[in-house]
Every structure is written in structure tokens, then in C-alpha cells.
Amino acid sequence: MTKQIAIFASGSGSNAEKIAEYLTNIPDVETTLILSNNPKAGVIDRARRLHIPVLLFDRTTFYESNQVTRLLQAQKIDLIVLAGFMWLMPSELVQAFPDRIVNIHPALLPKFGGKGMYGHFVHEAVVAAGETESGITIHYVNEHYDEGQIIFQASCPVAPTDSPEDVARHVQKLEHEHYPRIVAELVAAM
Ligand code: GAR
């Protein structure tokens, strides 16, 4: 049976696109749906180009109804992939998909994680702390920001002269290199 993947993204969606493209070359796996909380997110145009349906939802629907969970269950989603999704997953959704939700964080957790640590804030904090390396963490999602079990990490050096934008570029390269493959491996193991 074809495995169904749903991707959540709030922003540009470069990771979502890389994952969806990668999965088109894997037999019996389909990116069924892209979900976003942000009607202006770049991921929406990317999804259109890839002919993947998009579901937009607001805060009330996400946190005060179980509509999103019910839809994911009705579509028989096997794996939920967070790719730059900036809202905490509601516990009812986490409980409905145990060990079936993964996230990517643009740093080496447990460092530089938690509420407010996302996107460029992470790279700014890494540079401000004088870190000599940063990287990516792919992990399972639980009810707390960035705390689920770690699946994979990869690191890159941070030079004393690197700006947050430099770090962001190195980290994004790692994300695009590894996230699609790790998602495919997780699906293959299901
Ligand atoms: C990625 O760097 C991802 O790691 C980060 O948002 C970016 C999304 O980029 N996620 C977080 O900070 C989550 N805490 P993209 O929209 O181009 O894929």
C-alpha cells in the first residue's frame, strides 16, 4: 500500500519542496498534503507547482477543534513531517500519531531549542554564543518544543567571522542534503 506523507510548513517551504521532490522518486510513497497556518507562506506556491493539495488552517481550528487531526486520519497519513512549521503541535494530534511526527531543528539540540528558538533567532543565538559548530537535528515530536527523541544530527563548522546569515546558509545546505533521505528511510521502515 502507498505510504502517505503530510508536510506542515509555515514559511518559504524549501525543505518541504526538497522532500516532496525526493519522494516522487521513491516507489509507494506519496506527499498527499501540505498544511500551513500562514496564507502568505512561500510553501503554497511551491505546493501548487508540485500539484500537491494545500490545507490552510487558523489558530482556532488548530487548537480548539480536532478537524486537522480528523482530516489526517481520514486521509490515512502514515508520517507527518514538520518542515519549518512554527506552531506547537496540539497534544491531541501528537497522541493520535505516536512516533509518526518528525521535525527538523536548525541547530544541534538540546542546545538552542525551545520556545522562541526558530529560524534566524537560532542562528543569531549560535553566533552570539561564540559556538564553533552548529548543524541540524531531526527528531520525533512530542508536546514540548524540540524535546522529542533525536533521530539524526549533522554538524557544520562556525567560523569566528561567520554572520548568522552564513550559518543559516550552511545549515540549510545540511537540511536539504539530509532531511529528504531521513524521511524516506523512516517511511521505508514502517
Ligand atoms: C528551517 O531552517 C527549519 O529548520 C526551521 O525553519 C526553516 C524553514 O525553512 N525550523 C525551525 O526553526 C523550527 N523550530 P524552509 O521554509 O525554507 O524549509
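One-based numbering, in listed order, for ligands and for the atoms of each.
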**Student:** Closer than 4.0 angstrom: is that true for some heavy atom of A9 and an atom of ligand 1?
**Tutor:** no
**Student:** Under 3.5 Å, is there a donor-acceptor pair between the T2 and D28 side chains?
**Tutor:**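 Absent: no donor and acceptor within the cut-off.
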**Student:** Provide the number and element of each atom of ligand 1 under 4.0 Å from a heavy atom of M117.
**Tutor:** 14 (N)
**Student:** Would you call E131 and K111 a salt bridge, taking side-chain N to carboxylate O under 4.0 Å as the test?
**Tutor:**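 Yes, charged N to carboxylate O under 4.0 Å.
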**Student:** What protein heavy atom is closest to atom 16 (O) of ligand 1, reported as residue, atom name and distance in Å?
**Tutor:**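 The answer is G13 N, 2.7 Å.
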**Student:** Counting only heavy atoms not in Y118 (residues, nucleotides, ligands), do more than 12 fall under 6.0 Å from its OH?
**Tutor:** no
**Student:** Give the residue and atom name of whichever protein heavy atom lies nearest to atom 17 (O) of ligand 1, and the separation in Å to one decimal.
**Tutor:** S14 OG, 2.6 Å
**Student:** Hey, looking at atom 14 (N) of ligand 1, which of H123, H105, H120 has the closest heavy atom?
**Tutor:**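 Comparing heavy atoms across H123, H105, H120, the nearest one to atom 14 (N) of ligand 1 lies in H105.
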**Student:** Does ligand 1 have an atom that lies less than 4.0 angstrom from a heavy atom of V122?
**Tutor:** no
**Student:** In the protein, which heavy atom is nearest to atom 11 (C) of ligand 1, and how far is it?
**Tutor:**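 Going by distance alone, atom 11 (C) of ligand 1 is nearest to P106 CD, 3.6 Å.
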**Student:** Which residue supplies the protein heavy atom nearest to atom 12 (O) of ligand 1, what is that atom called, and how far is it?
**Tutor:** G119 N, 2.9 Å
**Student:** Could you tell me whether the side chain of F62 reaches within less than 4.5 Å of the side chain of P90, counting heavy atoms only?
**Tutor:** yes
**Student:** Quick test: of every protein heavy atom, which one is nearest to atom 3 (C) of ligand 1, and how far off is it to 0.1 Å?
**Tutor:**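 The protein heavy atom lying closest is E175 OE2, 3.4 Å.
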**Student:** Show which atoms of ligand 1 fall inside a sub-4.0 Å distance from at least one heavy-atom site of S12.
**Tutor:** 16 (O), 17 (O)
**Student:** Side chains of N66 and T69: donor-acceptor distance under 3.5 Å anywhere?
**Tutor:** no
**Student:** Tell me whether the count of non-hydrogen atoms from other residues, nucleotides or ligands lying under 6.0 Å of NZ in K3 goes above 12.
**Tutor:** yes
**Student:** Distance alone, cut at 3.5 Å: any donor-acceptor contact between the side chains of R70 and S65?
**Tutor:**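 No pair is found: no donor N or O on one side chain lies under 3.5 Å from an acceptor on the other.
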**Student:** Among protein heavy atoms, which lies nearest atom 9 (O) of ligand 1, and at what distance?
**Tutor:** N15 ND2, 3.9 Å
**Student:** Would R181 count as a cation-pi partner of F152, with NZ or CZ less than 6.0 Å from the six-membered ring centre and within 45° of the ring normal?
**Tutor:** yes
**Student:** Can you tell me which residue and heavy atom of the protein come closest to atom 7 (C) of ligand 1, and the distance to 0.1 Å?
**Tutor:** G84 CA, 4.2 Å
**Student:** Using heavy atoms and a 4.0 Å limit, tell me yes or no: is K18 in contact with ligand 1?
**Tutor:**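 It does not; every heavy atom stays at 4.0 Å or beyond.
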**Student:** Would you mind reporting whether L72 and L35 have side-chain heavy atoms less than 4.5 Å apart?
**Tutor:** yes
